[in-house]
S.K.: 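Here it is, the structure in full.
The sequence lines fix the lettering, A, B, ..., with proteins before strands; numbering per chain opens at 1.
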Amino acid sequence: MKYTNLFIPTLREAPSDVTAVCQLLMLRAGYVRQLATGLYIYLPLGWRVLNNINRILKEEMDGIGAQEFSMPILHPAEIWSQTGRWQSIGEEMFRLKDRYGRDMCLGMTHEEIITWLASKELKSYKELPQIWYQIQTKLRDEARPRGGVLRTREFIMKDSYSFDADEKGLEHNYKIHSESYHRIFKRCGLTFYEVESDPGMMGGSTAHEFMAPTPAGEDEIVICGKCGYTANVEIAESIAVPNADTLQGQIEDVETPNKRTVAEVSGFLKTKSSFFIKSILLIAKSEPVLVLIRGDHEIHEKKLTKLLGEFRHASKDEVLNILKVETGFIGPVGHKVKKIADISLRSGTYISGANKSGYHTKGIRPGMDFDTEWADIRMAKADDTCVKCGSVLRSEKVIEIGNIFKLGTKYSVPLNATFLDSNGQENPIIMGSYGIGPARIAAAAIEQSNDKDGIIWPKNIAPFDIQILPLNMVDARTVELSNALYDTIKGSINSLLKRPFEVLLDDRDIRPGVKFKDADLIGIPLQVIMGEKNLKNDEIEIKVRRTSETRKISIDRASEEIIAIYNEI
RNA sequence: CGGGGCGUAGCGCAGCUUGGUAGCGCGCACGGUUCGGGACCGUGAAGUCGGAGGUUCAAAUCCUCUCGCCCCGACCA
């Protein structure tokens, strides 16, 4: 394609409100524009990248026997009511009414719709298994879109669904999805992890997330370098590093005027925060619960929710009413309310609030000076000990690029998606659900592969394979030779991608410096530079975007050489 | 939803404290000189100062309300 026929609005200056590198580069290099909070327009280059990713998705889905569908994004509320999600999902769902007043919603996902279809059409074990998928727009009224295309209110997703007669079948479909996801992300040039995850509102039993490490990530995972254990910190199990030494001395109150937070008291008493117990009052269902955790740890609310069900933090007034002490000076000793302590507090001697204003208590021995229930309610973090092998965990910021869920019968039972087995018995279909976000793949690829000059696309998803830069468009020979080379390469087959080469010819009559800057920004893997001086020697220059390595080649065999270099990089 | 910030030309910003002719850089158009890493000179077009109301002789500037965008948190199949 010729540059003058393409809309590539590059920006010399960065918009002021970007936070993520992928967002900055997508805007500056002319891939996307923002319409409103969480809504993005894909410009020609951006759309080409997404289509390249989608092509890989289709090839790999087709490769495991999945069949492509297209389902509506406008859904009747009734189906969502049948699974209870019309009621259980809150403001995140876009809701509307049609002209007759019927409740409708915009699809956040398609479990309901595909299961509705399966309930109508799949009747016999002989029709199972099936894998159905689509690449379709989803809409979610996100509380806080952020990071450019990383979290948006409207986004495209590849979602597939498996239908099986039994657990064994589900196990198999889960496995082949996992394997195909590994191939997909590898082909897209990403570094990624498959980690254990929390099934969340999808329900079901087992779930894994595919996570691409990047500083712009919203999630955090822990990784064991030794045994390979990886998990989202939301569910990760780990052992806290115990305090190396123990506080000495008997139980006694010390004056801590106006020092409330762990940081303040720890600074005031010149004692490490790991020798403190944070005491936090929560209101679960009807009952107040005092939650105890080491000063340098964070409570993990998802773990707690599993123990307590829904809960909220107590207000200042509630703390005063229930514990008879103001916030900042709460401690575990002497209260009759239900207590849950993190297991990392089982040994050692600690400092906590004295339950009177302006005082903390030293020398508290959990289990001896107060009674409590014990549980793992702590957020895993770097330097914790791996529960599987005892090695040290590290953590990384990641973005979720895909996930796989074993749904079981969570949707098939309420929507009555059943089949008759070989004994004539009616059974609910066993389901799985598998998602991938193409825009997040693109964003992660940029995050993982860029330099100060711009994007460096992995070959498989780059908007073009090769960019030709004729530097002087008023020189007849340059124009003639660049057009000829353009036609030749375009007519050759890219054996890696099994299709003709996609070539971008920068035929703009502008200064060379601008062409160089734009080419580096846009990030096409290989640049072919045709300058007058080199052409006088019948030479042209090849530049590898990733390494900035340049090489002069003879014009005679230019297209063969260029293709050979392309295949090498 | 809680906390904070910002809305002035396509982009980046100044002007607001202390009310009085709306500015700068980049970009854009035209002319000229340039032409291997975002050139230079000259000329020019382009702004409901986010919107509404109020105070005032006079509002980008002060007051009230409102909309939008961004950040932190809550939230997040």
Side-chain angles (χ1 to χ4, degrees), chain A residues 9-20 23-24 27-30 33-39 80 83 85 88-93 105 107-114 138-148 150-153 155 157 159 161 197-204 207 209 218-219 232 234 301-302 305 312-313 315 399-400 402-405 407 410-411 431-437 452-454 469-475 478 506 508-521 527 529-536 539-541 543 548 550 552:
Chain A
T10 58
L11 299 173
R12 187 195 292 237
E13 288 180 87
S16 61
D17 46 19
V18 302
T19 47
Q23 180 186 18
L24 171 75
L27 285 166
R28 277 199 60 212
R33 286 295 183 262
Q34 186 181 13
L35 172 66
T37 300
L39 296 174
W80 286 78
T83 60
R85 289 163 113 192
S88 66
I89 294 174
E91 291 173 315
E92 203 186 345
M93 183 186 280
C105 64
M108 306 172 64
T109 173
H110 282 79
E111 279 79 18
E112 275 78 1
I113 308 306
I114 205 126
K138 314 285 175 193
L139 292 116
R140 293 180 194 175
D141 196 357
E142 290 285 352
R144 188 148 91 81
R146 68 188 95 178
L150 285 179
R151 176 169 293 276
T152 53
R153 294 190 291 177
F155 57 98
M157 178 182 278
D159 47 324
Y161 305 89
S197 74
D198 179 357
M201 93 175 193
M202 285 300 300
E209 287 166 330
E218 301 183 280
D219 286 307
N232 195 316
E234 287 179 358
E301 303 207 345
K302 288 207 166 137
T305 304
R312 61 181 172 80
H313 288 261
S315 69
I399 58 178
E400 182 185 352
N403 52 37
I404 53 179
F405 292 96
L407 296 178
K410 182 179 161 74
Y411 296 92
M431 292 177 56
S433 150
Y434 318 88
I436 286 182
K452 65 174 176 31
D453 295 315
L469 311 179
L471 296 186
N472 184 355
M473 287 303 291
V474 295
D475 176 60
T478 304
D506 191 347
R508 293 175 297 171
D509 181 16
I510 48 164
R511 299 174 63 80
V514 178
K515 291 196 182 186
F516 289 133
K517 288 289 184 189
D518 277 342
D520 287 347
L521 232 200
Q527 297 172 14
I529 298 155
M530 307 182 72
E532 257 179 294
K533 285 171 199 157
N534 285 328
L535 283 179
K536 284 203 177 97
E539 286 183 325
I540 56 182
E541 186 175 297
K543 177 181 163 187
S548 290
T550 60
K552 281 184 190 172

S.K.: Suppose you measure atom C1' in B/rA22 against the same atom in B/rA58; what distance do you get, rounded to whole Å?
M.R.: 16 Å

S.K.: Can you tell me, in whole Å, how much space there is between the C1' of B/rC49 and that of B/rG68?
M.R.: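 That atom pair is separated by 15 Å.
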
S.K.: Using Watson-Crick or G-U wobble geometry with both distances below 3.5 Å, tell me the partner of B/rG73, or none.
M.R.: B/rC1

S.K.: To the nearest 0.5 Å, what is the distance between CG on A/Asp17 and CG on A/Leu27?
M.R.: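 Here the interatomic distance stands at 8.5 Å.
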
S.K.: Measure the spacing between CE of A/Met473 and NZ of A/Lys515 and express it to the nearest 0.5 Å.
M.R.: 5.5 Å

S.K.: What's the CE-C1' distance between A/Met93 and B/rC75, to the nearest Å?
M.R.: 16 Å

S.K.: Atom CG of A/Leu24 and atom P of B/rC71: how far apart are they, to the nearest Å?
M.R.: 13 Å

S.K.: Base, sugar-phosphate, or nothing: which does A/Leu139 touch, judged by heavy atoms less than 4.0 Å apart?
M.R.: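 Result for A/Leu139 = nothing.
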
S.K.: Produce a footprint string for nucleotides 30-37 of chain B: one letter per nucleotide, 5' end first; B if the base is under 4.0 Å from any protein heavy atom, S if only the sugar-phosphate is, - if neither.
M.R.: ----BSBB

S.K.: Do the side-chain N or O atoms of A/Gln34 get closer than 4.0 angstrom to the phosphate oxygens (OP1, OP2) of B/rC70?
M.R.: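 Yes, A/Gln34 has a side-chain N/O under 4.0 Å of OP1/OP2 on B/rC70.
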
S.K.: In whole Å, I'd like the distance from the CZ atom of A/Phe405 to the C1' atom of B/rC76.
M.R.: 12 Å

S.K.: Taking the C1' atom of each, how far is B/rG19 from B/rC62, in whole Å?
M.R.: 8 Å

S.K.: Pairing check on B/rG47: which nucleotide meets the Watson-Crick or G-U wobble criteria with it, both distances under 3.5 Å?
M.R.: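 Pairing partner: none.
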
S.K.: Does B/rA59 pair with anything, Watson-Crick or G-U wobble, both distances under 3.5 Å, and if so, with which nucleotide?
M.R.: none

S.K.: Nearest 0.5 angstrom please: A/Glu539 CD to A/Ile529 CD1, how far?
M.R.: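 That separation rounds to 13.0 Å.
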
S.K.: What I'd like to find out is whether the side chain of A/Leu535 reaches to under 4.5 Å of the side chain of A/Ile540, using heavy atoms alone.
M.R.: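 A side-chain contact exists here, since the closest heavy-atom pair is under 4.5 Å.
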
S.K.: Looking only at heavy atoms, which two atoms of A/Thr152 and A/Glu142 are closest? And how far apart?
M.R.: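 So the two residues come closest at O-CG, 3.6 Å.
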
S.K.: Answer whether the closest heavy-atom distance between the side chains of A/Met93 and A/Trp80 falls below 4.5 Å.
M.R.: yes

S.K.: Minimum heavy-atom separation for A/Ala36 to A/Arg153, with atom names?
M.R.: CB-NH2, 4.4 Å

S.K.: Just the rounded figure in Å: distance from C1' of B/rC1 to CD of A/Glu92.
M.R.: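 After rounding, the gap between these two atoms is 15 Å.
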
S.K.: Could you state the CD-P distance from A/Glu91 to B/rC1, rounded to the nearest angstrom?
M.R.: 7 Å

S.K.: Is any side-chain heavy atom of A/Ser433 less than 4.5 Å from a side-chain heavy atom of A/His110?
M.R.: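 Side chain of A/Ser433 against side chain of A/His110, heavy atoms only: no contact under 4.5 Å found.
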
S.K.: Shortest non-hydrogen contact from A/Gly147 to A/Thr19?
M.R.: CA-OG1, 4.2 Å

S.K.: Checking base pairs now: Watson-Crick or wobble, both atom distances under 3.5 Å. What partners B/rA14?
M.R.: none

S.K.: Applying a 3.5 Å limit to both distances, which nucleotide forms a Watson-Crick or G-U wobble pair with B/rG31?
M.R.: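 When the pairing criteria are applied, B/rC41 turns out to be the nucleotide that pairs with B/rG31.
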
S.K.: Provide the distance between the two P atoms, one in B/rU61 and one in B/rG7, to the nearest whole Å.
M.R.: 13 Å

S.K.: Could you give the distance separating B/rC57 and B/rU17 at their C1' atoms, to the nearest angstrom?
M.R.: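 Those two atoms are separated by 23 Å.
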
S.K.: Could you work out the separation of B/rG51 and B/rG47 based on their C1' atoms and round it to a whole Å?
M.R.: 16 Å

S.K.: A/Asp141 CG to B/rC76 P: how many Å, rounded?
M.R.: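 For the pair A/Asp141 CG and B/rC76 P, the rounded distance is 14 Å.
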
S.K.: Report the distance from atom CZ of A/Arg28 to atom CG of A/Asp518, rounding to the nearest 0.5 Å.
M.R.: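 Taking CZ in A/Arg28 and CG in A/Asp518, the distance rounds to 9.0 Å.
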
S.K.: CD of A/Glu218 versus P of B/rC76: gap in Å, rounded?
M.R.: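 It works out to 13 Å between those atoms.
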
S.K.: For residues A/Asp520 and A/Lys543, determine if any side-chain heavy atom of one lies less than 4.5 Å from a side-chain heavy atom of the other.
M.R.: yes

S.K.: Roughly how many Å apart are B/rC13 and B/rC6, using the P atom of each and rounding to a whole number?
M.R.: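 Between the two P atoms, the distance is 12 Å.
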
S.K.: Does a side-chain N or O from A/Arg144 land closer than 4.0 Å to OP1 or OP2 of B/rA74, or not?
M.R.: no

S.K.: Output a table of nitrogen or oxygen pairs between the protein and nucleotides 42-44 of chain B separated by less than 3.5 Å.
M.R.:
none

S.K.: Look for any protein N or O under 3.5 Å of an N or O in nucleotides 22-29 of chain B and output each such pair with its distance, or none.
M.R.:
from	atom 1	to	atom 2	distance (Å)
B/rG25	N2	A/Glu13	OE2	2.8
B/rG27	OP1	A/Arg12	NH2	3.1

S.K.: Which nucleotide, in any strand shown, forms a Watson-Crick or G-U wobble pair with B/rG68, with both distances under 3.5 Å?
M.R.: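 Pairing partner, where one exists within any strand: B/rC6.
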
S.K.: With rounding to the nearest 0.5 Å, note down the distance linking CG in A/Asn534 to CD in A/Glu541.
M.R.: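 Taking CG in A/Asn534 and CD in A/Glu541, the distance rounds to 6.0 Å.
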
S.K.: Please work out if A/Arg33 contacts a base, only the sugar-phosphate, or nothing of the nucleic acid, heavy-atom cut-off 4.0 Å.
M.R.: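 Contact class for A/Arg33: none.
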
S.K.: How many angstroms lie between atom CD of A/Glu112 and atom OG1 of A/Thr83, to the nearest 0.5 angstrom?
M.R.: 3.5 Å

S.K.: Could A/Arg85 and A/Glu111 be called an ion pair, given the rule that one side-chain N must be under 4.0 Å from one carboxylate O?
M.R.: yes

S.K.: Using the C1' atoms only, state how far B/rG2 lies from B/rC63, rounded to an integer number of Å.
M.R.: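 One C1' to the other, the span is 26 Å.
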
S.K.: Between A/Gly38 and A/Glu400, just flag the one whose closest nucleotide in RNA chain B comes earlier from the 5' side.
M.R.: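 Taking each residue's closest nucleotide, the earlier one in sequence belongs to A/Gly38.
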
S.K.: If you assign each of A/Tyr434 and A/Ala14 to its closest nucleotide in RNA chain B, which residue comes earlier from the 5' end?
M.R.: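 Result: A/Ala14.
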
S.K.: Among B/rC13, B/rG38, B/rC75, which is the nearest nucleotide to the side chain of A/Ser16?
M.R.: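 Of the candidates, B/rC13 comes closest.
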
S.K.: Please give, in whole Å, the distance from B/rG5 C1' to A/Asp17 CG?
M.R.: 11 Å

S.K.: Look through every strand shown and name the nucleotide pairing with B/rU21 as Watson-Crick or G-U wobble, where both distances are under 3.5 Å.
M.R.: none

